[in-house]
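Take a look at the structure set out below.
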Amino acid sequence: MKFLREFFGSMSDLQKRILFTIGALVVYRIGAFIPLPGVNVEAVKSFFNAGGGGLMDMFNMFAGGSWERMSVLALNIFPYISASIVLQLLTATSKSLGELRKEGESGRIKINQYTRYLAVVLAVVQGWAIIRWLEGMAPANGVPVVVNPGLPFELSAIIALVGGTVFVMWLAEQITARGIGQGASLLIFAGIIAEVPGGIGNLYNLVVAGTVSPAQLALVVTFVVGIIALIAFFEQAQRRIQILYPRQVMANGVMNTNASYLPIKVNMSGVMGPVFAASIMMLPAFIQQFVKSENPIMQSIMGFFTYGSWYYIITYTVLIAFFAYFQTAVIFNSEDTANNLKNAGGYIPGVRPGDQTMHYLDSVVSRTTAIGVLYLIAVCVLPIILEQHAGMPVVIGGTSVLIVAGVVLDTMNQVQSYLVAKQYSSVIKKAQKKGRFR
């Protein structure tokens, strides 16, 4: 015990955060292997091995394989993400929630609390749909998927799935508060990374069996590397707006003009825009998988959300564009930025402070976001077209690659910020010891 206390006491804050994040991800991965009580896991695995479908495979990858193992964490963080989408839309349209957001930290805490409550409700609904799907599956090798179907099993299974979702939500918040990076994104990242070796193994088996030629394999590798390079470029790309401040007269009589830059990221929404769009697209298809209806109108509606169809691709593209602009509007407030520049005495060359600055910022953000939307569509939608309509065996989807690369870049930026802050603090401490600062 003394050794552990001394070991952790000698670590820096950054090292503790990194260690905490790794430990939380390990716990999350362990939970992904805890099966749901009363379910024949082998039957569910045989369903996925036989080809559960593009949508089911996407569910399984984002959940880190929890679906094919039918883990208690099968719902993962997605009820919370869906609840976040609903609350953000309501905050933008509801006056009371909008005023609550303006209250600062206390308002943010209340909105987060509402998000958790809604996530639990969604988890109950989605958990019930999963249980009904399991009970309706055909037996595997004469063994039923659910050992003892009925109300007792349904209640216990729903409680286990909802409890798993609550645990994942808590774990994500702990990573965000005590670790490095954004907790929800890191959990999805960990699930995707855990499934990548299996995808590579399947691709290798296809090459060995002769289903995929070496030329196709080289094309897939080139495509994935190109997508990663494209993501790395656009995630760091930004439009820098020059900001000037009033001239100051120095001690020697020389006029000095202070200048800085306001960075506008091309993809300001980050990975959350495509994640929100994917979550919305999953919900109707999720219902389609578990709620079988013979109604032709219902079947026609669900046909729009069939994974890989052109209706699906068009709807997914529109949602990516919508959430990219919506998330950018939530993150960047041009009116507040213009007022802050005006109060600080700063101005954009050739643009008058106040309303003109606000309109100028709106136009710049709109143009840069349009470029970012085209980039997101190319990364997230193009792989679906190539896989479903061109027959290319894509190992990992574009949305998954975007999440992985985006989370890695965001985590690296946070680590770099901690290192820079530590460097500055050490310089100040040294200066204080020498008596330069008092």
Side-chain angles (χ1 to χ4, degrees), residues 24-25 27-28 31-32 34 36 58-60 62-64 66-67 70-94 96-98 100-101 105-133 154-179 181-192 270-287 289-290 319 323 326-327 330 403 407:
L25 293 180
V27 171
Y28 166 71
I34 301 176
L36 197 65
M58 182 186 295
F59 281 147
N60 188 50
F62 282 172
S66 295
W67 273 68
M70 199 41 62
S71 162
V72 293
L73 303 185
L75 291 178
N76 207 272
I77 195 69
F78 295 110
Y80 182 77
I81 293 177
S82 302
S84 299
I85 298 172
V86 174
L87 262 294
Q88 286 196 15
L89 292 173
L90 291 177
T91 302
T93 56
S94 173
S96 58
L97 288 176
L100 191 62
R101 185 180 63 178
E105 183 66 18
S106 60
R108 186 187 66 83
I109 292 175
K110 290 182 180 179
I111 293 177
N112 287 341
Q113 190 174 10
Y114 297 154
T115 305
R116 296 189 197 101
Y117 292 154
L118 181 58
V120 171
V121 175
L122 293 177
V124 171
V125 175
Q126 294 179 11
W128 174 82
I130 290 178
I131 301 308
R132 298 296 297 172
W133 171 64
E154 293 175 357
L155 291 177
S156 61
I158 290 175
I159 292 174
L161 289 173
V162 174
T165 299
V166 173
F167 172 74
V168 172
M169 285 193 299
W170 174 82
L171 196 62
E173 292 178 355
Q174 294 302 310
I175 293 175
T176 303
R178 302 183 181 182
Q182 210 278 337
S185 300
L186 274 171
L187 293 181
I188 299 175
F189 162 83
I192 294 173
V271 301
M272 297 312 296
V275 169
F276 285 173
S279 300
I280 293 295
M281 292 304 299
M282 284 180 181
L283 188 58
F286 187 90
I287 298 174
Q289 289 288 334
F290 306 127
L319 286 176
F323 280 112
F326 177 77
Q327 192 70 8
V330 172
I403 293 173
V407 170

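When a residue number appears, it is its place in the shown sequence, counting from 1.
Taking 4.5 Å as the limit, every side-chain heavy atom of Ile77 sits out of range of all side-chain heavy atoms of Leu171. At least one side-chain heavy atom of Val162 sits under 4.5 Å from a side-chain heavy atom of Val120. No side-chain heavy atom of Leu161 sits less than 4.5 Å from a side-chain heavy atom of Gln126. Looking at heavy atoms from C-beta onward, Tyr80 lies in side-chain contact with Thr115 at the 4.5 angstrom threshold. For the pair Leu25 and Leu187, the minimum side-chain heavy-atom distance is below 4.5 Å. Looking only at side-chain heavy atoms (C-beta outward), Leu186 and Val407 come within less than 4.5 Å of each other.
Counted within 6.0 Å of CZ on Arg108, heavy atoms from surrounding residues, nucleotides or ligands total more than 12; the atom is thus considered enclosed.
In plain terms, the two heavy atoms of Ala119 and Pro79 that are nearest each other are O-CB, 3.5 Å. Of all heavy-atom pairs spanning Ala157 and Ile131, the tightest one is CB-CD1, 3.2 Å. Scanning both residues, Ala184 and Ala172, for their nearest heavy atoms gives N-CB, 3.7 Å. Across Ala32 and Ser71, no two heavy atoms sit closer than the pair O-CB, 3.1 Å. Taking every heavy atom of both residues into account, Met169 and Arg116 meet most closely at CE-O, 4.4 Å.
To the nearest 0.5 Å, the span separating CD1 on Ile109 from OH on Tyr114 amounts to 12.0 Å. Distance check, rounded to the nearest 0.5 Å: CG of Leu122 to CD1 of Ile81 gives 12.0 Å. A distance of 11.0 Å separates OG in Ser84 from CD1 in Ile111, rounded to the nearest 0.5 Å. One distance of note links OG of Ser156 with CG of Leu36; it measures 7.5 Å at 0.5 Å rounding. The line from CZ of Phe78 to CD1 of Ile188 is 5.0 Å long, rounded to the nearest 0.5 Å.
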Would Leu75 and Val168 count as a side-chain contact (heavy atoms from CB on, under 4.5 Å) if you check the C-alpha gap in whole Å, the side-chain angles of each, and the deciding distance to 0.1 Å? CA-CA 9 Å; Leu75 291 178; Val168 172; over 6 Å; no
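Shown here are the side-chain hydrogen bond (donor to acceptor under 3.5 Å, both in side chains) partners of Ser185, two or more places apart in sequence or in another chain: Gln182. Annotation: ring pair (Phe, Tyr, Trp, His ring centres under 6.0 Å) contacts of Phe189 (sequence neighbours excluded): none. Shown here are the side-chain hydrogen bond (donor to acceptor under 3.5 Å, both in side chains) partners of Tyr28, two or more places apart in sequence or in another chain: Asn76.
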